[in-house]
J.: 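Supplied in structure tokens, the structure appears directly below.
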Amino acid sequence: MHSFLRFSFLLLGFFVAAISYAADAPPSDPSLLGVDGSAIDKAARARSDTGGSDFYTWWQKYFAESTTEVGPVVKQPIEFPHFRHAGDRDKGGMEINCMYCHTYARRSLVAGIPPVYKCIGCHQSIDEVRNKPRIKKLFEYWDAKKAIPWKKVNDIPDFVRFSHERHIQRFVFQLNRPVQQVCGYCHGDVKTLSVDRREHLLSMGFCVTCHEINHPVTAPGGTPIGNQDYWYSMRKPVEDSSGILKAQGPNDCSVCHK
Amino acid sequence: MSITTLFDNYSEFRHRHPDGDVPHNPYKWAMAIDLDACSGCNACSVACYAENNLPVVGKEKFAHGQVMHWMRIERYWDHDGSEFPERGARYLPMLCQQCEAAPCETVCPVGATNHTPDGLNSQIYNRCIGSRYCSSNCPYKVRYFNWYDYPTTDNVWPAEMNMQLNPDVTVRGKGVMEKCTFCIQRIRGAESDAKTQGRLVRDDGELQTACQQACPTSAISFGNLVDPESRVHKQWRAQQVDLDKHEQVKDQAEGGTDLRGYRIYEWLAPYPSIMYLERVRESEI
Amino acid sequence: MMNSEFDRRDFLKVLGWGGTAVALTGCGNGMVESGKETVVSYVEATDYMIPSVSVYFNSTCAQCDAGCSITGRIREGRVLKLEGNPKSAINRGKTCGLGQAGVQNHYNPDRIRAPLLRTGNTGEAITWEKAYALIDEKLKGVSGNQVAFLTGGMSGHTKVLLGNYMDSLGSKNHFVYEAIGPAVVRAANMKSYGVEMPRFNIDKARVVLSFGADFLGAWVSPVNFSQQYAQFRKGADGHQRGVLVQVESKMTITGANADRWLVVRPGTEGILALGIINVLNKLGVKVSGDIAAAVKAYDKDRVSKDTGVSAEQINKLATLLTERTPSLVLAGTAAEGYAHGSQNAAAINLLNHVLGNVGKTVEAAEVVPFPQMAPVTGNTVALQTLNDGLAAGKYKVLFSYGPNPVFTAPGAMKFKDNMAKADFKVVFAQYLDETALQADLVLPLDSPLEDWGTQVPEYMAGGAQINIQQPLMEKLHAETRGMGDILLTLIKQRRAAEYKPFDDYYGYLRAAVLQNKAALGGAHQPDNDIFWNETLSKGIIKFDGAKQASFSVNAGATGLNLPEPAEIDAQYPFHLIPHVNANLRDGRNTNQPWLQESPDPLTTIVWDSWIEIHPKKAAELGIQEGDIVEVTGKNGSLKVQAYLFPGIHPDAVSIPLGRGHDAMGRYAKGYGVNPFQILDVVYDKQTGELALHETRVKISKTGERVIVVKDEGPVGGNQEGQKIVPEMFTDKVNLSKEI
């Protein structure tokens, strides 16, 4: 009986190690390589698609922390349609860049909600919708000079320091990823929503999954992978057990815990 | 978290400090406090209260030793038997020394206190379970425990005092240990601003700890010890104090040293990151 | 920094959810659920209002009268922290603990939020319209000399406006009162140097000899002096490290930093000064005939007997002063404390002349070229005159703005009773302090962090400057007003036409500044708005090449007539020294909890009062630490815990000022005792100023004992043989390689 238990634990241990190792190994599928040659988190890939039926996704869903937990529907003072503003043109949207409204994302800890005058800036001249109920409500706020009491949808605990600036600077300005992909990684496909709804449980595990990716800086044998300056702008690459230099994002506790 | 990552990085997690073979790069935060300039005015202590959301505990709790001043000014007398203290008093600003080999880090049962790559001793409030082993180990006794729920039950910040709270610093609840962090919120802020501009933090006053910024006699220098241009680096060099020695070469010399720099409890080998400059008194009077 | 077309004030109005309402987001204790907290939301935002990014505005600290410039850190429309403004020549980017606590004065929960009208023993909240109408009504039929206006030190435009208001009332009864101001020193400086407050160049001195001037603590401009002190210790121009010698009867924080602290019999500082001149003369320093004659009788043995300072020390000190020049000699409590304080100060100032310091470390300060804005300083003679007038029933209407005389006036003056004799008393205050509680009408003030103003400091550090005070955030409470706005409304009751163009004090200030644009540094800037915004942004208006104040050198010893040391009164054997410490001062900031919890630098005691007794004397009386003793003087008694303190003359005891409030909010009320109440009313013979150290008391044990709440712990400042705070002497240390 004991030896059976011991054996099954051992098997389980191997399983876990194998899975986690597999998650770290550089993918052979080129579609899973980032612009700079790094591995995009396969799980992240799976999440941004509509499911995925591979074993890894199943594992994530049932054993690892579920990070696909969608938040509650939050009622906002005005039911702002993201799909109208940011949505694809062929779906009736205007493809406005996220940062046109959430303009502080590149220079602040928070992305920010636009002040009322941002909305008015356009809507004062859009006569076709001027008398629609939501627009009328918007102008009520403007005329009364009252700020719209938007409710916070993506909230993190007070003891966490999350900087939008750092992430936008890296992924949008340094790595030139498309804005919607960068914002969408954490906030989901907001352009298909009306008001925002939390897409992922913004837990520590969710953040750490990215921050702990070990990007190989050199291939076995010493060939450099990707832009070396870029790697060295992260935490200084360290050699792993097999002698390969790997670079990691910030994962010191004090970077995020204030 | 993957086990592979753990194995790969174990050597880093448990790296022996001080780390001569893996030098701090690009930042190692350190301080130098000039005790001849320090007048004992307590401005630094009040500034720390303002910056770090420190609770005022009141007379009764103060009497129990439950005061929360991360930075305290200790006052010593000469105790040389004379009737009057004719050489004045000796003031010592005492705060977390951010030891490289911190006795508090090794004993936390949950790993709430760790050493950061930039040489600070970090305290993670939400991980702390309140064992208080760390403060028991601290030789300087600079760790302070939240014995009470100051924000809510004790209502230390009634409206509108709560509007003064610094949003960059967690307001600690009951059962959590806290201590000076070298104003890590300011450090992270300055690092982030510098990074956006593609550079490192400079030693030109853009990053100051609250105590350093307030000190009316400019007794406190704070900065990056590995930046050769920083004032702190130059001071440590001039005083011939090495971070990773527990006995300085200059102190071993015949007849002692004529330099003022020293560290407190250096012989216990916690390798503190604060160098003090000895108080001076005029010999001709 | 602000060049947008938004006028600063419009911006603040338009914030809507900005300012106070916005401020409350994120203050909850960690609500992480989606949809529970609100987001920072604005109607219109200028380009520098970025959530989570701090904005910095400059203003002027008003916690004491030094006039340090501050920079406030503002996030989401609320001020969080104050720092010093590096551009100010006064504080050079630094703040003291008192300055830091300015935010606690602003956010204090015990602030008065609406005008209060007395009905019996309570105050009924009324509107400002009603309050102003009431004042107007009460002033009808009252002649100018029946109106009295009590303030603290004032300067800038508020002072001008008050002057004009008093003018409109036909009243000359503006009383400027400071409980602990250096009034005797000012008068003595006037006689010795021709100016009330010269500039002291501590950083250029090689030796500073201070007779009780606590310049690192609470004397005149402590932040400026502390900065200078740091340079003084480093040695100016490559010289040696400066030497500080402090002469006083009770150790102050400056004394605690001295190279040599000389304890002196209370009141005999002037004798010591003359003794030093005597020795200097013998050492070859040339003095004029009349000075030589004046000091002839003060040889070092006689002086040593009188003061308690050894002849050897006097010799050493004199020798040091001849070897290291220039030096600087300062008079502090030696002047303010005694009935012969002016004489003491004259003798001490004479030392500066004899040592040749005048023109080197004692210089004329620059002045602001607007004499009407220059500060009026306060003294206790003003309080006495007001008190006498109130006692005689002379004043029908009394206004009070700033001081708290019911708390700080000696009990023997019976100020509270005399104040009641005025028919109508209006107090302008932020808190219901002791004086406000006696008022008929209390008008709530804006805190200095939400108000406009200009300030001209009394002590001008390097170059003349006018300090700007501007709000660091929107008003916290809707029904408080700035003093400037109140004065403007009051003066409009009498001179409506003249002041009609000004909607509010902001408008008045702006118009006044723009009117003098060229003289205020705006000659190059044709656009008024840009000039105004730039001025606000800088927070300081500096004047290059401002004319030096008239400075004359009076090096004579005429009129110098020091009395013999006082006899010890057998019935009241101790001198009571009421101590002014940096944080509490005269009690105006005691309701700021950071200051209550900030340990006293000498005793480390918090939240309570204490009496310092020398250990030898305490042993004689059988007093231990924590014994509650009764301190009895001719005018009352106090019960206070004893603390054995080596830094005090055995014939003196000391109780700190500032505590002992029985009003002023939850953080001040009920903590400690108020030594002001039991002071003997003794005046300096020359100036008529209240002599603060002339109170004689006796001490008796009550039999009760408490544990003293202090930071130092039972070890009491003992290093226990460890190398915690070692020291080095100058003959062994090498300071040359330091940075």
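Residue numbering restarts at 1 for every chain, and letters A, B, ... go by the order of the sequence lines.
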J.: Among B/Gly40, B/Ala37, B/Ala47, which residue has the highest count of heavy-atom pairs closer than 4.5 Å to chain C?
T.: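 The residue among B/Gly40, B/Ala37, B/Ala47 with the greatest pair count is B/Ala47.
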J.: To the nearest 0.5 Å, what is the distance between CG on C/Asp259 and CD on B/Glu86?
T.: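 Result: 12.5 Å between the selected atoms.
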J.: If you count heavy-atom pairs within less than 4.5 Å of chain B, which of C/Lys723, C/Glu83, C/Lys737 leads?
T.: C/Glu83
J.: Counting neighbours of NZ on B/Lys174 that are heavy atoms of other residues, nucleotides or ligands and sit closer than 6.0 Å, is the number greater than 12?
T.: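 Atom NZ in B/Lys174 is not packed in, count stays at 12 or less.
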J.: Specify which of B/Cys215, B/Ser221, B/Cys38 makes the most heavy-atom pairs with chain C at under 4.5 Å.
T.: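 Between B/Cys215, B/Ser221, B/Cys38, the count favours B/Cys215.
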J.: With a 4.5 angstrom heavy-atom cut-off, is it the side chain or the backbone of C/Phe225 that approaches chain B, or both, or neither?
T.: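 C/Phe225 has no heavy atom closer than 4.5 Å to chain B.
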J.: Can we say C/Asp608 and B/Lys59 salt-bridge, meaning some charged N sits less than 4.0 Å from an Asp/Glu carboxylate O?
T.: yes
J.: Just wondering, do C/Pro646 and B/Glu83 contact through their side chains at under 4.5 Å, heavy atoms?
T.: no
J.: Output yes when B/Arg72 and C/Glu597 qualify as a salt bridge under the 4.0 Å nitrogen-oxygen rule, no when they do not.
T.: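 Result for this pair is no, no salt bridge flagged.
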J.: Is the backbone N or O of B/Gln212 less than 3.5 Å from a side-chain atom of C/Lys94, with the two atoms forming a donor-acceptor pair by type?
T.: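 Yes; at least one donor-acceptor contact below 3.5 Å.
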J.: Go through B/Glu282 and C/Arg233 one step at a time and tell me if the salt bridge (Lys or Arg N to Asp or Glu O under 4.0 Å) criterion holds.
T.: CA-CA 11 Å; B/Glu282 177 59 50; C/Arg233 285 305 198 191; over 6 Å; no
J.: Between C/Leu476 and B/Met163, is there a side-chain heavy-atom distance shorter than 4.5 Å?
T.: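 Side-chain contact under 4.5 Å: yes.
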J.: For B/Ser218, is it the side chain, the backbone, both, or neither that has a heavy atom closer than 4.5 Å to a heavy atom of chain C?
T.: both
J.: Need one label for C/His106: side chain, backbone, both or neither, based on atoms under 4.5 Å from any heavy atom in chain B.
T.: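 No part of it gets close to chain B.
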J.: Tell me, side chain or backbone of C/Ile648 under 4.5 Å from chain B's heavy atoms, or both, or neither?
T.: backbone
J.: Heavy atoms only, distances under 4.5 angstrom: which of B/Met94, B/Arg186, B/Glu266, B/Arg263 has the most pairs with chain C? Name it, please.
T.: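 When all of B/Met94, B/Arg186, B/Glu266, B/Arg263 are compared, B/Arg186 has the most.
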J.: Determine the minimum heavy-atom distance between B/Ala43 and C/Gly97, stating which atoms define it.
T.: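 In this case the closest contact between B/Ala43 and C/Gly97 is CB-N, 3.5 Å.
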J.: If you compare all heavy atoms of B/Val280 against all heavy atoms of C/Val733, which two are closest, and at what distance to 0.1 Å?
T.: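 So the minimum-distance heavy-atom pair works out to CG1-CG1, 4.2 Å.
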J.: At a 4.5 Å cut-off on heavy atoms, which part of C/Val243 comes close to chain B: side chain, backbone, both, or neither?
T.: side chain
J.: Side chains of B/His79 and C/Glu720: does their closest heavy-atom pair fall under 4.5 Å?
T.: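 SC-SC contact between B/His79 and C/Glu720 ruled out.
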J.: When rounded to the nearest 0.5 angstrom, what distance separates CD in B/Glu74 from OG1 in C/Thr604?
T.: 10.0 Å
J.: Of all heavy-atom pairs between B/Lys234 and C/Ile739, which one has the smallest distance, and what is that distance?
T.: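 Closest approach of B/Lys234 to C/Ile739: CB-CD1, 2.9 Å.
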J.: Identify which of B/Pro167, B/Ala159, B/Ala219 forms the greatest number of heavy-atom pairs closer than 4.5 Å to chain C.
T.: B/Pro167
J.: Taking only residues two or more places apart in sequence, or in another chain, which ones meet C/Ser54 in a side-chain hydrogen bond (donor to acceptor under 3.5 Å, both in side chains)?
T.: C/Arg73
J.: Which heavy-atom pair separates C/Gln100 from B/Ala50 by the least distance, and what is that distance?
T.: OE1-CB, 3.9 Å
J.: Counting heavy-atom pairs under 4.5 Å to chain B, which of C/Ile253, C/Val223, C/Val103 comes out on top?
T.: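 Most pairs with chain B among the choices: C/Ile253.
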J.: Going from OH on B/Tyr265 to CD on C/Gln722, what distance comes out if it is rounded to the nearest 0.5 angstrom?
T.: 3.5 Å
J.: If you take all heavy atoms of C/Ala256 and B/Arg279, which pair is closest and at what distance?
T.: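 The answer is O-NH2, 4.5 Å.
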J.: Start with the C-alpha gap between C/Glu738 and B/Gln239, add the side-chain angles, then the distance that decides, and say whether side chain to side chain contact (heavy atoms under 4.5 Å, CB included) holds.
T.: CA-CA 8 Å; C/Glu738 295 200 5; B/Gln239 297 296 329; 3.3 Å; yes
J.: To the nearest 0.5 Å, what is the distance between OH on B/Tyr91 and CG on C/Asn257?
T.: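 Here the rounded value is 6.5 Å.
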J.: Quick one: do C/Arg260 and B/Glu284 make a salt bridge, cutoff under 4.0 Å?
T.: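 Salt bridge between C/Arg260 and B/Glu284, a charged N being under 4.0 Å from a carboxylate O: no.
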J.: Is chain B contacted by the side chain of C/Val263, its backbone, both, or neither, given a heavy-atom distance below 4.5 Å?
T.: side chain
J.: I'd like to know if the side chain of B/Thr217 pairs up with that of C/Gln227 as donor and acceptor (distance under 3.5 Å, no hydrogens or angles considered).
T.: no
J.: Any side-chain heavy atom of C/Pro599 within less than 4.5 Å of one from B/Asn42?
T.: yes
J.: Checking C/Val725 against chain B: side chain, backbone, both or neither under 4.5 Å from a heavy atom?
T.: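 Answer is both: backbone and side chain atoms of C/Val725 are under 4.5 Å from chain B.
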J.: More than 12 heavy atoms of other residues, nucleotides or ligands under 6.0 Å from NZ of B/Lys141: is that the case?
T.: yes
J.: Measuring heavy-atom distances to chain B, does C/Val708 have an atom under 4.5 Å in its side chain, in its backbone, in both, or in neither?
T.: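 Nothing of C/Val708, per the 4.5 Å heavy-atom cut-off to chain B.
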J.: What part of C/Met728 lies closer than 4.5 angstrom to a heavy atom of chain B: side chain, backbone, both or neither?
T.: both
J.: So how far is it from B/Asp78 CG to C/Gln719 CD, rounded to the nearest 0.5 Å?
T.: 8.5 Å
J.: Would you check if B/His69 and C/Asp711 make a side-chain contact, meaning some heavy-atom pair closer than 4.5 Å?
T.: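 In short, these two side chains touch, coming nearer than 4.5 Å.
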J.: Could you name each residue pair satisfying salt bridge (Lys or Arg N to Asp or Glu O under 4.0 Å) that touches residues 30-39 of chain B, not counting sequence neighbours?
T.: B/Asp34-B/Arg260, B/Asp34-C/Lys234, B/Asp36-B/Arg281, B/Asp36-C/Arg241
J.: Parallel under 30°, tilted from 30 to 60°, perpendicular over 60°: which one fits the rings of C/Trp594 and B/Tyr49?
T.: tilted
J.: Report yes if some heavy atom in the side chain of C/Leu216 is under 4.5 Å from a heavy atom in the side chain of B/Pro216; otherwise report no.
T.: no
J.: Ignoring hydrogens and angles, state whether a donor on the side chain of B/Tyr76 or C/Glu712 is under 3.5 Å from an acceptor on the partner side chain.
T.: no
J.: Taking side chain as everything from C-beta outward and backbone as N, CA, C, O, which of these in C/Ser598 sits under 4.5 Å from a heavy atom of chain B? Side chain, backbone, both or neither.
T.: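 Side chain only.
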J.: Please give me the minimum heavy-atom distance between B/Gln164 and C/Tyr107, naming the atom from each residue.
T.: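 Heavy-atom minimum between the residues: CB-CD1, 3.6 Å.
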J.: So C/Arg75 and B/Asp168, do their side chains get closer than 4.5 Å, heavy atoms only?
T.: yes
J.: As an exercise, state the distance from NZ of C/Lys732 to OG of B/Ser283, rounded to the nearest 0.5 Å.
T.: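 Answer rounded to 0.5 Å: 8.0 Å.
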J.: Side chain, backbone, both or neither: which part of C/Ile724 has a heavy atom under 4.5 Å from chain B?
T.: both
J.: Count the heavy-atom pairs under 4.5 Å between each of C/Gln596, C/His477, C/His614 and chain B, then report the option with the highest count.
T.: C/His614
J.: Answer with side chain, backbone, both or neither: which region of C/Leu602 has an atom nearer than 4.5 Å to a non-hydrogen atom of chain B?
T.: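 Both the backbone and the side chain of C/Leu602 come within 4.5 Å of chain B.
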J.: In terms of heavy-atom proximity below 4.5 Å to chain B, should C/Ala258 be classed as side chain, backbone, both, or neither?
T.: backbone
J.: In sequence, state the C-alpha distance, the side-chain angles, and the governing distance for C/Trp607 and B/Val56, and then conclude on side chain to side chain contact (heavy atoms under 4.5 Å, CB included).
T.: CA-CA 11 Å; C/Trp607 288 101; B/Val56 166; 3.6 Å; yes
J.: Under 6.0 Å from the CD atom of B/Glu60, do we count more than 12 heavy atoms belonging to anything else shown?
T.: no
J.: A side-chain contact here means heavy atoms from C-beta on lying under 4.5 Å apart; do C/Gln313 and B/Ile285 qualify?
T.: yes
J.: Against chain B, label C/Gln228 side chain, backbone, both or neither, depending on which of its atoms sit under 4.5 Å from a heavy atom there.
T.: neither
